[in-house]
Amino acid sequence: MQVPAPFEYQRVHSVDEAIALLDRLGDTARLVAGGHSLIPMMKLRLANFEYLIDINELHDQLGYIRVEPGLIRIGAMTRHRELLESDELAAAFPIFRDAERVIADPVVRNRGTLGGSLCQADPSEDLSAVCTTLGASCVVQGLDGERVVPMEDFHQGPYETAVGDAEMLTEVRFPVRPGGSSAYEKVERRAGDWAVVSAGAAVWLDGGSITDARVGLAAVGPNTAGIPGIADVMRGRPPGEELYARAGDIAAEACSPATDRRGSAEYKRHLARELTVRVLRRAVARAGRQEA
Amino acid sequence: MQVTMNVNGEEVSREIEGRLLLVHFLRDHLRLTGTHWGCDTSNCGTCVVWLDGEPVKSCTVLAAMAGGHEVRTVEGMEKDGELDAVQKGFVECHGLQCGFCTPGMMMTARALLDRNPDPSEQEIREAISGQICRCTGYATIVRSIRWAAAEEAGTRTTATEASAS
Amino acid sequence: MTTTVPADGHRTAFVDNDQKPCGHGRMLRKEDPRFVRGRGRYVDDLQLPGMLHLAILRSPLAHARLVSVDTSLAEAHPKVRLVVTGAMLAEKGLAWMPTLSGDVQAVLATDKVRFQGQEVAFVVAEDRYAARDALELIDVEYEPLDPVIDVRTALAPDAPVIRDDLEGKRDNHCFDWETGDAVETDAVFARADVVVKEDIVYPRVHPAPMETCGAVADYDAVDGKLTLWSTTQAPHAHRTLYAIVAGLPEHKIRVVSPDIGGGFGNKVPIYPGYVCAIVGSLLTGKPVKWMEDRSENLITTGFARDYIMRGEIAATREGKILAVRTHVLADHGAFNGTAAPVKYPAGFFGVFTGSYDIEAAYCRMTAAYTNKAPGGVAYACSFRITEAVYLIERIVDCLAYELGMDPVELRMQNLIRPEQFPYRTKTGWVYDSGNYAPTMELATQLAGYAELRAEQAEKRARGELMGIGVSFFTEAVGAGPRKDMDILGLGMADGCELRVHPTGKAVVRLSVQSQGQGHETTFAQIVAEELGIPPQDIEVVHGDTDQTPFGLGTYGSRSTPVSGAAAALVARKVRDKARLIASSMLEVSVADLEWEKGSFQVAGDPKASVTIQDIAMRAHGAGDLPDGVEGGLEAQICYNPENLTYPHGAYICVVDIDPGTAKVTVRRFVAVDDCGTRINPMIIEGQVHGGLTDGVGMALMEMIAFDEDGNCLSGSLMDYLIPTSLEVPDWETGFTVTPSPHHPIGAKGVGESATVGSPPAIVNAVVDALKPFGVRHADMPLTPSRVWEAMQGRPTPPI
């Protein structure tokens, strides 16, 4: 089996300790949470670091899902399985359970974390698409305290984030508005594979018309992307197949897929349209059930 | 660096490199070779062990990360000379051929039954979906786990009756 | 005789040892107690005192001239004991080794690298981490050359020559091969009502057993003895080849194949890594372990398939198949590493006429070298029958499409009839036995075929995509006979030794080796059936050349057809001797004895009997034996099969396709297999299940792909997709029994049947589902994207 190049292992027990260590070690160090993206890359020697800072002991502090009025806060060390199994989260944002069912596999989900997923910044990563769809913001802590970065600014290209050398992602915040629901769908070649394309939708209804709609796509561009044009078209209109189809066309138009082993660009563009329609339809149905 | 952890109920301590993978710590340092490895990318699942009671892929966990924690491997399944119901189920239902994926499959199966004593076929298929078997086509693995569930349900019923009487 | 029995219901009782059958029947596996305890003994589990670890530096380029290899930094690494380059091996005459096809392959490159991942140098270090680290300290300078990746252009006059190591080689031509009668076939085609032609690609795939390949070599300089624990399906053949390659005396080489974590053909060839481990041990005087990682396994070891086939079928308007014609372009990679009998460069592809009674057939094949990994026969293919069956079963479906006929009906109308067996095909193969129609009928019955067609019609009317695919296959397994079949001059026959101990327990020694097929159980059952000794009293020894008789090993589903026959016959030999001893014990003539499983009794007086255990004690004990009978109760044999055996089967697959995403779901799969006499139905069912899963993999997702520079794009299990529990249905199996007339117990071998038979059933089902789109053919792997492209009217070949 392939093995990582030598590095120094450091374990931290607090966020401050982690940040102080990052500050001291600079870009020679990397945080490791679940490790299921990072460690394979290090084994294949696609990534090498002099220091690896293990933050798994922070799970007690940063592994939480807190539902507050108007806001859900999720700690960066919350593991996929915890996200999958949280009924409170599923009630507010069914998109999480939809997505978590198809992220990697159950054993990987025991280990992988929300923060790790977002910081990996893989263009095909599902939780990033979920966070994009829900208009999340990321709490990034550094030496001088914390700053809040909206999802749109968090990813700065494939495998690049807004998190600086002496910073770490500690929490992700999700605004909760009434009358909304959400859904996620992924097409994969096989269970556990990265998405060929996936799409998330969140919609808000008021008295039979759409007040807001957001769609996030994965694997069709350099980062998971929200499609702002869709909200413009859907706002103020009653939901329906024709509207979903228009939204689907906008999604297909807005994305920039590339042909690879997972599929042709044409197929991916088709999926962006098809999945957008499906998730909007399902999110609206769910929101309708809530309203009723 | 020095690492100390509890493996199958025993405290073990070794001097290791920080980069040592847990699977190699178990296999090469402790000689617990029942845990296997079959890929470099945490896809195959032949390396599944328990870390603090949860199945994890030990090829993607550093031995150092397991320091201070509890690890359980296939060697820890048999209790006092009695095979675990999952082990019996795999024998009874031909849930293995070459035996290479088997320890990992059984560790996941045991964890599943601990949380859900009566899983459906679909729940079993989902639980083992991160682990590849190249021999069995999975149907007999599903049967093996169902067998273990039924066996334990039977045992529990008997135990309940015994305590009631 | 053929009997038709529906599939067993599944039993859930735990069977105690004393309830096990004494002979054939469902019996729990004897090997399982160690496996479920994590006490299997695989190559990488071995730790020897002082053992060193070997890692191989591989070429990042597909085609390049080797300019220089600088190992000085690696040698300076504190944990490194040895660094070896191709130049160093060349000095010892070990830089090249023969392949199983009589070509040569570089152990370490000396002049050029010819595929990505080719071995360039190796390091031996104190631990596996240090060995891996040291690879990065080797500096290699390459001069890139144009690679030849597309086999269609490999034979172009201006193509770069890959094998300039071969004297006088001016092109990339590997071999030509033909079978059948071209003139006769052309004549039949000329007068046929209907001719259907289709280009069919069987892409390159990989067996990818869960355990990768590896070895531990331990050379003892004092004894001059080399022990090699290795992941081999053919320990004896490997030993002989090591003797030839390394110049070591054969009696001083012991090859041990311990528990093997799956083989599927991947562990038949000799890989450079094994030779490197041997060299490493010879040079360091220490045991040396080499275990390849998954990328090395996928990128460099024996691939399978890679055939581009033009299939043509001729028929009457009523659906009588008259002839089949095909032209195949075969990609053999950089070295011809095919593991097939010498006289069969295309393996057993000659059975491409399938299960049908036709008038004429012809195949012409051209094989070429490309800058890809060597191999060609692997992945449970029965020596290329996978490709042959896929071709015929796909083209028959194309014919059904053109004729507007039901694919079951078309097949039923053309199957070879029972009275025609033994049946000589138009390409010269003699099918030993078969009764095909009942097998097909049972499959349709288990599937509820008529109801499925009705359901499909309803769904089509609603715009839903459901497909029903059928395949019928005939396999040819159990190579030799030795007069026709050899591997590098070693005849394909297998030895077996049986020794009954004084207390009536026995040990049987085999030349074949299990990679998970349950030989320790099946072979004990074969002997038990013949001698009446309970299977748990029979130890099966295999996988160790010092402890077992010579033979060619396990691949091509040959264990039961060849070694199974050997085990039965050696047991009968022992029984013959036991009869002589029994006659003296019972004081009657041999003619007055009757054999009841486990004992001889006097005819007409069943109370006067002696058990095989009594006889064993007498054979070893005090007292006289009959004149001319030696003490002991043992025998040995080398079984040379009279013919191949020809299992068959009928498969039906049901798929649903999401019209919006084009994702295929295999909803049901019905497999009815006929492998002759069934020794352990539980093990047979397991073999079938595994093969069906392979079929889902190949049909829907597995493929070794390359970019135009020859970079392998499928070098990890993230990219080379293997089905999980969620892509396969709960298999529905049934069986018929048509014994082989020439096999001592009528058994035929089943290890690869399902891998051979299932891909066409699945592809036929997908194509059937796509009928509303006018799709007649789409190539594997049928990923969602490729299915969607077919739905858009542009199905594309995968290469």
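Per chain, numbering begins at 1; letters A, B, ... match sequence-line order.
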*asked:* Quick check on B:Asp84 against chain C: is it the side chain, the backbone, both or neither that has a heavy atom closer than 4.5 Å?
replied: neither

*Top contributor to chain B interface from C:Pro209, C:Ala754, C:Pro723 [non-hydrogen pairs under 4.5 Å]*: C:Pro723

*Per-residue contact mode, B:Leu83 against chain C (heavy atom under 4.5 angstrom)*: side chain

*chain C neighbours within residues 128-140 of chain B, where any heavy atom lies under 4.5 Å away*: B:Ile128, B:Ser129, B:Ile132, B:Arg134, B:Cys135, B:Thr136, B:Gly137, B:Tyr138, B:Ala139, B:Thr140

*Select, from C:Leu298, C:Val688, C:Val36, C:Thr693, the one with the greatest count of heavy-atom pairs under 4.5 Å involving chain B.*
C:Val36

*Between C:Glu211, C:Arg37, C:Met718, C:Met682, which has the largest tally of heavy atom pairs under 4.5 Å with chain B?*
C:Arg37

*Heavy-atom pairs under 4.5 Å with chain B, option from C:Asp694, C:Val696, C:Ile683, C:Leu692 with the top count*: C:Ile683

_Would you say that C:Asp44 contacts B:His36 through its side chain, given a criterion of any heavy-atom pair below 4.5 Å between the two side chains?_
no

*What pairs of residues pass the side-chain hydrogen bond (donor to acceptor under 3.5 Å, both in side chains) test when at least one of them lies in residues 93-103 of chain B, not counting sequence neighbours?*
B:Gln97-C:Gln687

*Determine the minimum heavy-atom distance between B:Arg19 and C:Asp133, stating which atoms define it.*
NH2-OD2, 2.6 Å

_Sorted by number, residues from residues 52-78 of chain B in contact with chain C (heavy atoms, under 4.5 Å)_ = B:Val74, B:Glu75, B:Glu78

*Side chain of C:Gln515, backbone of B:Cys98: donor and acceptor closer than 3.5 Å?*
no

*Salt bridge check: are B:Arg27 and C:Asp45 linked by an N-O gap of less than 4.0 Å?*
yes

_Run the side chain to side chain contact (heavy atoms under 4.5 Å, CB included) test against C:Ala125 and tell me which residues pass, sequence neighbours left out._
C:Val80, C:Val123, C:Ala130, C:Ala131

